[in-house]
Amino acid sequence: MKLRNLFKTGALAAVAAMALYAPKAEACSRVLYVGDSCLRIVGRSLDWRTPIPTNLYVYPKGMKKTGTGGENTVRWTSKYGAIYAVSYDAGVTEGMNEKGLVVNALFCKGTVYSNEETKGRPGMSLAMFVAWILDMNATTKEAVEVIRKHDFDISGATFDNGTVSALHWGITDAEGNCAVIEFDNGNINIYEGKDLPAMTNDPTFPQMNAINAYWEGVGGTNMLPGTVKSPDRFVRGYFFDNHVEKTGDADLGFSIIRSILMNCSVPYLYTLDTAAEPNVSSTQWRSFSNLRDKRYYWDLVTHLGVVYIDLNKCDLRAGAPVMKLEVSKHPEAIGEVNNLLVKSKPFTPSY
């Protein structure tokens with residue numbers, strides 16, 4: 001059964017979920033477009049109160065890495081090449097590997113990664129968690145099996161003047177198998193489904209689906225919630241994602257998902273109600289991962305156009321150099337930018 005149907009529990013459940021929802025949530029949105037001919041494109045927005053400098057790195061397979069750099073840490077040698085979005089040149093926010101596996105990290109207030117039982121397990125930095133999943137897994141099923149073992153302890157540094165990196169993750173593979181990973185007081189909750197359309201921030205994923213079930217009853221053609229709050233963005237993304245034409249054309253599919261995600265974005269330099277809800281934030285950038293064609297698109301809202309890296313044209317063989325696109329240096333670039341990638345040292349994790 002698709003998870004989108006699992007939570008259609010009626011208006012009472014939705015009202016209960018609304019009561020539990022805390023409105024002061026950081027803003028990010030993720031929507032999955034499913035077209036024809038196996039076309040799937042994951043779009044996500046990164047919303048924050050200040051710009052988050054983010055560069056794109058292409059890493060080859062065969063690299064030895066560690067979770068934290070300490071003695072008691074997760075260690076691995078990457079099986080797959082991948083493209084990472086690295087914020088502050090210090091931590092992987094999201095990315096896509098050569099098999100079409102995509103991992104997106106979104107804020108989820110109230111997340112607690114550790115408890116007494118996890119203490120002493122090999123360390124895994126938040127800066128490297130996404131990279132670890134992309135490096136070692138080809139499918140969502142494989143990633144879920146690794147995460148469910150929970151033989152690691154996640155930790156991470158604060159950023160942006162003390163903000164805690166409270167995150168949850170959406171995982172999507174080329175076949176449309178999806179999972180949402182949430183941490184609750186050191187315990188992992190995993191919600192799996194086929195082609196899960198939408199994901200935002202708070203509340204938890206089951207509560208969010210209950211809210212969406214209420215709005216499905218109202219009917220989106222009659223009325224949709226229009227604020228920048230997390231549940232409202234979820235409902236709009238879900239509705240529009242289910243009411244657009246399907247295509248197998250990569251360019252048209254990109255145009256469709258881009259338009260949906262813009263409808264879920266927060267206007268740049270948004271100020272209304274920020275005194276009452278200081279954590280509601282402007283969209284800083286959007287990414288789009290074409291899982292079929294292995295194209296990774298980047299849409300920085302202050303730049304003129306969208307660029308993309310074709311992962312098929314990257315050298316991902318063991319021993320190949322790390323490549324980097326320093327986004328801020330190319331404000332007028334549009335379209336494919338593989339030629340703008342330059343050799344680079346690996347980024348230095350913040351923790």
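Bear in mind the structure is a predicted one, so any value in this text is a computation, not a measurement. For the single chain, residues carry numbers from 1 onward in sequence order.
Using bins of under 30°, 30° to 60° and over 60° for the plane-to-plane angle, the ring pair Trp76/Trp132 lands in the tilted bin.
Aromatic pair Phe288/Phe254: ring centres closer than 6.0 Å. Centroid-to-centroid, the aromatic rings of Trp215 and Phe239 stay 6.0 Å apart or farther. When ring centroids are compared, Tyr57 and Tyr84 stay outside the 6.0 Å threshold.
Side-chain N/O atoms of Asp293 and Asn290 include a donor and acceptor closer than 3.5 Å. Judged by distance alone, the side chains of Ser281 and Asp47 never bring a donor and an acceptor atom under 3.5 Å apart. Residues Arg286 and Ser265 bring a donor and an acceptor atom of their side chains to less than 3.5 Å of each other. Side chain to side chain, Thr200 and Arg233 fail the donor-acceptor criterion of an N or O pair below 3.5 Å. Remark: the Ser230 side chain and the Asp202 side chain contain no N/O donor-acceptor pair separated by less than 3.5 Å. For the residue pair Trp48 and Ser282, no side-chain donor N or O sits within less than 3.5 Å of a side-chain acceptor on the partner. In this model, a donor atom of one side chain and an acceptor atom of the other lie less than 3.5 Å apart for Asp153 and Ser114. In summary, the side chains of Thr73 and Thr66 do not present any donor paired with an acceptor at a separation below 3.5 Å, with no hydrogens or angles considered. Lys99 and Tyr80 form no side-chain donor-acceptor contact under 3.5 Å, judged by distance and modelled atom types alone.
Using a distance-only test at 3.5 Å, with no hydrogens or angles considered, no donor-acceptor pair links the side chain of Thr118 to the main chain of Gly186. A donor-acceptor contact shorter than 3.5 Å is absent between the side chain of Thr172 and the backbone of Cys178. A distance-only check finds no donor-acceptor pair linking the side chain of Ser37 to the backbone of Gly248 [under 3.5 Å]. Judged by distance alone, the side chain of Thr93 and the main-chain N or O of Val86 form no donor-acceptor pair under 3.5 Å. Within the 3.5 Å criterion, the main-chain N or O of Pro225 finds a donor-acceptor partner in the side chain of Arg236. In terms of modelled atom types and a separation under 3.5 Å, the side chain of Arg40 and the main chain of Tyr33 share no donor-acceptor contact. In this structure, Lys246 contributes its side chain and Val34 its backbone to a donor-acceptor pair below 3.5 Å. In this structure a side-chain-to-backbone donor-acceptor pair under 3.5 Å is present from Asn201 to Cys28.
Using a 4.5 Å heavy-atom threshold, the side chains of Pro331 and Leu304 count as separate. No side-chain heavy atom of Met136 sits under 4.5 Å from any side-chain heavy atom of Val146. Using a 4.5 Å heavy-atom threshold, the side chains of Pro206 and Tyr191 count as touching. Put simply, the side chain of His303 reaches to within 4.5 Å of the side chain of Val327, judged on heavy atoms. Annotation: side chain of Leu101 is in contact with side chain of Ile171 (closest heavy-atom distance under 4.5 Å). In this structure, Asn137 and Thr139 have side chains that are not in contact, with every pair of non-hydrogen atoms separated by 4.5 Å or more. Taking the side chain as every heavy atom from C-beta outward, Ile52 and Leu46 approach each other to under 4.5 Å. Put simply, the side chain of Met199 does not reach to within 4.5 Å of the side chain of Trp169, judged on heavy atoms.
Nearest heavy-atom pair, Leu261 versus Ser29, reported as atom, atom and distance to 0.1 Å: CD1-O, 4.0 Å. Looking at every heavy atom in both residues, Val244 comes nearest to Phe240 through CG1-O, 3.2 Å. Contact detail for Ser165 and Phe107: the closest heavy-atom pair is CA-CE2, 4.3 Å.
The salt bridge (Lys or Arg N to Asp or Glu O under 4.0 Å) analysis of residues 129-148, with sequence neighbours excluded, yields the pairs Lys65-Asp135, Arg148-Glu192.
Annotation: the span from Ile83 atom CD1 to Tyr308 atom OH amounts to 12.5 Å, rounded to 0.5 Å. Separating the CZ atom in Arg30 from the SG atom in Cys264 is a distance of 11.5 Å, to the nearest 0.5 Å. Taking CG from Asn97 and CG from Leu134, the interatomic distance works out to 5.5 Å, rounded to the nearest 0.5 Å.
Under 4.0 Å is where a charged nitrogen must lie from a carboxylate oxygen, and between Lys294 and Asp310 no such pair does. One finds a salt bridge joining Glu336 and Lys313 here, because a Lys/Arg side-chain nitrogen approaches an Asp/Glu carboxylate oxygen to under 4.0 Å. Ion pair Lys61/Glu98 flagged as a salt bridge, since at least one NZ, NE, NH1 or NH2 atom sits closer than 4.0 Å to an Asp/Glu carboxylate oxygen. A salt bridge does not link Asp151 to Lys149: none of the charged side-chain nitrogens sits closer than 4.0 Å to a carboxylate oxygen.
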task: I would like to know whether Val306 and Arg258 meet side chain to side chain contact (heavy atoms under 4.5 Å, CB included); could you show each step before the answer?
output: CA-CA 10 Å; Val306 179; Arg258 186 186 183 200; 3.5 Å; yes
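When the side chain to side chain donor-acceptor pair (under 3.5 Å) test is applied to Arg75, no partner is found at least two apart in sequence or on another chain.
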